[in-house]
Asker: 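The structure under discussion is supplied below as structure tokens; questions concerning it will follow.
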Amino acid sequence: MKKSFKYISLKTKLTFLYSVLLILSVVFISFYSYWNIWDLFTQNEVSHLRSKAKPIIEHWVSVHGLTDISSIPVKFTSQTALLAQDLTSKNTVAVILTKDKKIIADGRRLPEEPISVPPDDLHFKKAMSGINEVIFWKNREGKPTLFFLIPLRPRPGSGHVFGVIQISTTLSDINEVLFRYGTMQVTAVVIILFLGIVIGYWLIGLNLNKLQKFTVTCQEVAKENFTQRIEVENHRDEIGKLAESFNIMIVKLETIFNAQKRFSANAAHELLTPLTGIRGSFEVLFRGAQDDPESREKLSKGMYQEVNRLIRVCDQLLGLSRLENSSNVGKQPVFICDFIQDFRLRICPLIKNNPLAISAGPFLTVQADPDLLEQILLNLFSNVVCHCPPGTPIVLGWKIVSSYLEIWVSDEGPGIDKDSLDHVFEPFYRVNSIEKNGEKGAGLGLALARSMVEAQGGTIKVFNENSKGTTVYFSLPLF
Amino acid sequence: MNGEISILVVEDDPVIVEFLQTGLKYEGYKVSAVHTGKDGLQLLLQESFHLLILDIMLPDIDGFEICRRIRSLEHAIPILLLSVKKEIADRVNGLDSGADDYLSKPFSFDELLAHIRALLRRSGAHPGQTKIQSGDICLDTQTRKVYSKNESIDLTPTEFSLLELFIHNPYRVFTRETLLNRIFGYSYDGGTNIIDVHIYHLRKKLDDKSHQLICTHYAVGYAFYPEKK
């Protein structure tokens, strides 16, 4: 049962719980109100009968001279029949009992009047001890009958009780009223429960159907259809907020998905283009170009270039994926001044035509991966060499900015156009210009540089310097 | 035989340009190549070409845009688009922007040649002739029948391919390796002696006892001379 409850729909579950709560509360309220009304009627009847009986009894006591305690035993037994008759009416029968629970007078005269029954010992003793409010129920001839006992005293408030009057009534009027009330209430409860459950089921369904839209949209998104959005009806309720967050999530997913798609398309392009060159060259060679030494040399050189390009692209792609795991970064203390001096010597062959100036900052030690640091600078320098006219001066410098070491490489080349500036760090993005030295990059240099900087906890930015040249800044945390 | 036909190649990858130029020249086409879309458009307006081979990813203007510009000038040149993209959407986009054919990289050079031939045939630049007459020999590529002095000769498929290659490229000296590659495919592993065997049978069937029709160039290969020396 418990297991199967898990698998039924939320709508059914909620309706079931809601119905159970509704039934419990309605049934409780109706029982409580029925009992209250019954109690009220009973009390009312008792006090009514009591107030009717009180003057009769007091009159009888004073007339028959029972106020004197010493004369009671003689007078009491002989004068009771009349009193009992006075207290008896259509539905009510009075019986008078002595101290020994002996019936000395019975008000019943007509056969349609109810037969009297002596009280229980417990109730009788209570009444004899002077308690006025002894009320109890008993079945008489199959009808529930209300009994109440009135102790007889010589004077009101006297502690001496010489007898007990038992008045019993069938309460047939009250029962009639209560029966009608009960029927009415049962009908009302049934109607309320029926309407409540039906409306509840409908309302729950109405709200849960909004979730149905989420399911449909989710399925669409799973099919890579990112045009779907969930309509937000109410910005404040939970479903509205969920829909808003959901829509934001779809946009984010779309961005990531498109970036991923672009990345693989670009990667495929970068791998397939050299392969096209190699395959075509081979085929042309096989078709006869191999017989001509000049064509053979040209095509072989081209193929060699393409193979090198493939290796370079593969290396860079591997580098990018390796940097996604920061545990591959081996940080160690790097004394920045020595590092830059070493780098200057190593970079010489690459920038033989470009004058390099060093703008030194404070001499200090940073925690960094020296291999990555060198690779970053190498990428930045080869960009300058590729995109600037030969002989463009380069400046390499460093300084402290708050808790970061900022290193920059700036050139006095043509700069980067504004549209490209936002995209230069995207993998495979290439600024639209023909590379000067013929070696075509894959557009991964800056993407790699960014990954390498970020893997060490820093940031990288690129700026155009007042229409003349470009500066790339990157920062590394000092601690 | 393709000497009259000029092809313009617009492609930014130097190695692809190199093999296209070399390979197409060997096939007898006249080839011009440029690296950017702008140069391509300019050259197209200055000179007339029979076919344009166009890469989509160019550094300045993309291939689709070049197609649209060419068509907006009501230039009817057949255009063959080359691209790494294989998706149907890209092919549709390419053809819709005015290209006549689409070939995805990396392509086989034979396939490229077949596409070029088909495009030229459709544009009328390449007569779809099936009968080739060369000297006394007449060769029908459609029925694969060969007549020598109006007498039918029975050739095996290999011999037919050899003769077809020779007739298409008269006077050109083919090495045995090249013949092997062209006739048996690039991945054929056997020795080159098989070529000598087929040449021997072909000569016998063509009644070329003095080796004047199919001439042996010692240590190099074979060449076909339609007019007897």
Asker: At a 4.5 Å cut-off on heavy atoms, which part of B/Y26 comes close to chain A: side chain, backbone, both, or neither?
Answerer: side chain
Asker: Give the intermediate values and the outcome of side-chain contact (heavy atoms from CB on, under 4.5 Å) for residues A/E294 and B/T22.
Answerer: CA-CA 10 Å; A/E294 199 192 328; B/T22 314; over 6 Å; no
Asker: For B/K38, is the NZ atom crowded, meaning more than 12 foreign heavy atoms sit under 6.0 Å from it?
Answerer: no
Asker: Quick check on A/Y304: does its OH atom have over 12 non-hydrogen neighbours (other residues, nucleotides or ligands) under 6.0 Å away?
Answerer: no
Asker: Could you tell me whether A/F214 atom CZ has more than 12 heavy atoms of other residues or ligands within 6.0 Å of it?
Answerer: yes
Asker: Quick one: of B/K85, B/Q21, B/E18, who has the most non-hydrogen atom pairs under 4.5 Å with chain A?
Answerer: B/E18
Asker: Does any heavy atom of chain A fall under 4.5 Å from the side chain of B/L113, the backbone, both, or neither of them?
Answerer: side chain
Asker: Please classify the contact of B/D110 with chain A as side chain, backbone, both or neither, using a heavy-atom distance under 4.5 Å.
Answerer: both
Asker: Return yes when atom CD1 of B/I88 has more than 12 non-hydrogen atoms of other residues, nucleotides or ligands closer than 6.0 Å, and no otherwise.
Answerer: no
Asker: What residue pairs, at least two apart or across chains, pass salt bridge (charged side-chain N to carboxylate O under 4.0 Å, His left out) with a residue in residues 168-180 of chain B?
Answerer: B/R176-B/D196
Asker: What distance separates B/F19 CZ from A/M303 CE, expressed to the nearest 0.5 Å?
Answerer: 11.0 Å
Asker: In Å, rounded to the nearest 0.5 Å, how long is the span from OG1 of A/T276 to CD1 of B/I16?
Answerer: 4.5 Å
Asker: Sort and list the pairs that fulfil salt bridge (charged side-chain N to carboxylate O under 4.0 Å, His left out) and have at least one residue in residues 87-103 of chain B, not counting sequence neighbours.
Answerer: B/R71-B/D100
Asker: So if I take each residue of residues 283-291 of chain A and look for any heavy atom under 4.5 Å from a heavy atom in chain B, which residues do I end up with?
Answerer: A/E283, A/V284, A/F286, A/R287, A/G288, A/A289, A/Q290, A/D291
Asker: Can you establish whether the number of heavy atoms outside B/E47 located under 6.0 Å from its atom CD is more than 12?
Answerer: yes
Asker: A side-chain contact here means heavy atoms from C-beta on lying under 4.5 Å apart; do B/K105 and A/L275 qualify?
Answerer: no
Asker: Should the pair A/D292-B/K25 be classified as a salt bridge under the 4.0 Å nitrogen-to-oxygen rule?
Answerer: no
Asker: For B/S83, which atoms come within 4.5 Å of any heavy atom of chain A: side chain, backbone, both, or neither?
Answerer: neither
Asker: For A/K301, does the NZ atom sit with more than 12 other heavy atoms under 6.0 Å from it, leaving out its own atoms?
Answerer: no
Asker: Any ring-ring contact (aromatic ring centres under 6.0 Å, His included) pairs touching residues 247-266 of chain A, not counting sequence neighbours?
Answerer: A/F226-A/F257, A/F263-A/F428
Asker: Is B/V15 close to A/P274 at the side-chain level, that is, under 4.5 Å between some pair of heavy atoms?
Answerer: no
